[in-house]
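Structure, as structure tokens:
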There are 2 protein chains.
Amino acid sequence: MVNIRDVSKKAGVSVATVSRVLNNKDVKKETFEHVMSVMEEMKYKPNSVARSLSKKQTNTIALIFPVVSNPFFPKLASSIENEAHEKGYKVILCNTDDNPEKLRNFIDSINDGFADGVIFSSHLLDEAGLNTLKNSGIPVVSIDRNNFNNEFSSISVNNKMGGGLATEHLIEIGCKKIGHLRGPEDEITATNRYWGYRSVLKENGGMDPSLVALGYYTVEGGYQGMKELFIRHPDIDGVFAANDLTAIGAMKAAYEWNRKIPDDLSIVGFDGIDMVRYMIPSITTIQQPINEMGKLAVNELIRKIEEEDEEINNYELDVRLIQNDSTLR
Amino acid sequence: MVNIRDVSKKAGVSVATVSRVLNNKDVKKETFEHVMSVMEEMKYKPNSVARSLSKKQTNTIALIFPVVSNPFFPKLASSIENEAHEKGYKVILCNTDDNPEKLRNFIDSINDGFADGVIFSSHLLDEAGLNTLKNSGIPVVSIDRNNFNNEFSSISVNNKMGGGLATEHLIEIGCKKIGHLRGPEDEITATNRYWGYRSVLKENGGMDPSLVALGYYTVEGGYQGMKELFIRHPDIDGVFAANDLTAIGAMKAAYEWNRKIPDDLSIVGFDGIDMVRYMIPSITTIQQPINEMGKLAVNELIRKIEEEDEEINNYELDVRLIQNDSTLR
DNA sequence: ACATTATATGTAATCGGTTACAAGTATAAT
DNA sequence: ATTATACTTGTAACCGATTACATATAATGT
């Protein structure tokens, strides 16, 4: 592979000048063009590793994400990767599904200098992991997950509002007994969605803890949780599932129990993954602005990297209800 | 950040010795332990960029993938990332959905030295892109996509066999008129799946070109294609969809046309994405061994990188039929 | 014409590691 | 005791860029 010295020799200038051409610094126009043509001719590509070493910047973002279990995450990852590429950054992936040890490994190596910053979302990240990240000294943005101690910038959505929207919608279309399939108890997003549901039902005098079952943010969990709700409340006629996968599980349960959707049971999910449109009937959902979230995360991170800005910002984006057939009465 | 010289000073040895400790070369046991403890104490982490520069190895794989449109790809990406991590490699993502220019950009920068090898699957990669890859001189493995000229190692599945299995299954359960929703005409996987279908139907005397419609590997395509088939053949009672998304689209069409699945219309998909289990009824599919494919791709690539082995291997894995409710007669 | 300033380029140190080679020390062999 | 051999360690060049500083040249002012 041809390097900067080869170019400098052939062009009859110093390596510094070649470097200046590469970085658009002050060089005489003729020199610039001459060096450029030599680079062209020799098919020279500056080595990005060497560049990173001297600049102490890799233009790389590490993305710590649960990637497969829920299609929401690949979509978010994709929007992050797109925006990063747009801004000249590469993205290194660490998908953490169910593998805390792998995650620990990755986190431990994060301040090797290979990444300029981190975007993370894994709920697998425990206190120790968070501390390692914090102490690494590299900029971090958390996404889809609040951080109580305000240690990182964060991008999240108004989960409580979403839970409220979903529940209000179910009330509006005439549901009398509305259940909730909540996400994991240790996830703040799940808790907020639950609080949105809860506060709306309280206002309307219909809150009852037995109307809430765990759906664990999974299809299987939603299926099991919905069956529990059917047993506890045979007359349940609406359910707010904490995410779309859970809603799909609830649909499967409803089908087994011979409840017609939306007439016997209306369902609202959360996230806005493609799948909700493919189900029959299609599922009403609370849509998260995935693209905006990804862009915001990347730009906030890059701001921190390039401006060496320690300021912590917490963005909370709004969600909106997408009505589909599962609540069409 | 503490570097190797800081450690060498504090430990009272040369940087070479510290480096030897890092690389498990010959050092006296006591020295080894002493240096190790100093590194521990100073919380020293070797800088991976510097390391990459001198070793001329980044331990990084570039992954060129369509990542979001079809859940099959995130899953495959995930299995690749897992195996790579297992082997001490990082994965840089380039998702190409509908963005040929981005892809070109990425390809052009691939021999900057930031990646040791490439795994790619995008059908967006045109002749020019393939050439750039080929000329880059870095090891490449193609996945889920044959390469006629045998320029890269490849991992694929026996698509023709899959198409055959699907079609035979439909015949076995008693379908009399079996259609096919094929993938894009320029994709070799789609063509092979079609040939599997075609050869089985020919053997059974039931092949008729009008039984084939384009499904484009998408939900919408499957939906439109299925409607075409209903119009052309009102008595169609079985369909092999070239992938699971297409099968889902076909299901939606069947629902609109009031055909009961599986009794009026039996459906078989291809890929084995989670979604097929969530649909009601669940969809019979030809499952690809995603994990094996990912592992194989990574290991083949690493072999090429580390052994500087130019040998080209083409692996073709078997698929298997997973029977679900959409063909349960 | 000469001093001053701006512009363009080169020299060499640097980023943080690895490693070929040299040199020193300990152990075995004669 | 002396030489050969194995084992450890250090010195310094190197990977391929960037950049502070020095220097040379051109442009401007008086």
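Chain naming here is simple, since letters A, B, ... match the order of the sequence lines and numbering starts at 1 in each.
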In whole angstroms, the gap separating C1' of C:dT7 from CD of A:Glu30 amounts to 13 Å

Using whole Å, report how far NZ of A:Lys29 lies from P of C:dT9.
-> 14 Å

Nucleotide C:dG17, atom C1' - distance to NZ of B:Lys56 in whole Å | 14 Å

Under the ring-ring contact (aromatic ring centres under 6.0 Å, His included) rule, what pairs show up with a residue in residues 78-98 of chain B, not counting sequence neighbours?
-> none

Only counting residues at least two apart or in another chain, list the ones meeting side chain to side chain contact (heavy atoms under 4.5 Å, CB included) with A:Glu307.
-> A:Arg303, A:Asp309

Indicate, with a heavy-atom threshold strictly under 4.0 Å, whether A:Val13 touches base, sugar-phosphate, or nothing.
-> sugar-phosphate

Side-chain H-bond candidate by donor/acceptor type, B:Ser153 with B:Asn313, under 3.5 Å = no

For A:Lys134, which residues count as a salt bridge (Lys or Arg N to Asp or Glu O under 4.0 Å) partner, sequence neighbours excluded?
-> A:Glu151

Could you state the atom-to-atom distance from CG of B:Asn111 to P of D:dG16 in whole Å?
-> 14 Å

Let me know the distance between CG of B:Leu53 and C1' of C:dC15, rounded to the nearest Å.
-> 9 Å

Side chain of A:Ser52, backbone of A:Ser48: donor and acceptor closer than 3.5 Å?
-> yes

Sugar-phosphate or base contact per nucleotide [nucleotides 18-23 of chain D; S, B, -; heavy atom under 4.0 Å] | BBB---

Atom CG of B:Asp112 and atom P of D:dA17 are separated, to the nearest Å, by 10 Å

Does D:dT9 have OP1 or OP2 sitting under 4.0 Å from an N or O in the side chain of B:Thr31?
-> yes

Phosphate OP1/OP2 of D:dG16 contacted by A:Asn47 side-chain N/O (<4.0 Å) = no

Using five base pairs at each end, measure the axis-to-axis angle across the helix from C:dA1-D:dT30 to C:dT30-D:dA1 and round it to 10 degrees.
-> 40°

Round to the nearest Å and state the distance from A:Asp26 atom CG to D:dA26 atom C1'.
-> 15 Å

Selection residues 119-130 of chain A - residue pairs positive for salt bridge (charged side-chain N to carboxylate O under 4.0 Å, His left out), sequence neighbours left out = none

Selection residues 68-92 of chain A - residue pairs positive for salt bridge (charged side-chain N to carboxylate O under 4.0 Å, His left out), sequence neighbours left out = A:Lys75-A:Asp274, A:Glu81-B:Lys102, A:Glu83-A:Lys87

For B:Lys45, which contact category applies under a 4.0 Å heavy-atom criterion: base, sugar-phosphate, or nothing?
-> sugar-phosphate

A:Gln57 CD - D:dA17 C1' separation (whole Å) = 14 Å

Which is true for A:Tyr44 with a 4.0 Å heavy-atom rule: it touches a base, it touches only sugar-phosphate, or it touches nothing?
-> sugar-phosphate

Taking distance alone, no hydrogens or angles, what donor-acceptor pairs closer than 3.5 Å link side-chain atoms of residues 115-122 of chain B to residues at least two apart or in another chain?
{"residue": "B:Asp116", "atom": "OD1", "partner": "B:Thr58", "partner atom": "N", "Å": "2.9"}
{"residue": "B:Asp116", "atom": "OD1", "partner": "B:Thr58", "partner atom": "OG1", "Å": "3.0"}
{"residue": "B:Asp116", "atom": "OD2", "partner": "B:Thr58", "partner atom": "N", "Å": "3.2"}
{"residue": "B:Asp116", "atom": "OD2", "partner": "B:Asn59", "partner atom": "N", "Å": "2.6"}
{"residue": "B:Ser121", "atom": "OG", "partner": "B:Ile143", "partner atom": "O", "Å": "3.4"}
{"residue": "B:Ser122", "atom": "OG", "partner": "B:Thr96", "partner atom": "OG1", "Å": "3.1"}
{"residue": "B:Ser122", "atom": "OG", "partner": "B:Leu124", "partner atom": "N", "Å": "2.9"}

Residues in side chain to side chain contact (heavy atoms under 4.5 Å, CB included) with A:Asp271, at least two apart?
-> A:Asn70, A:Phe72, A:Arg193, A:Asn243, A:Asp244, A:Ile273, A:Gln288

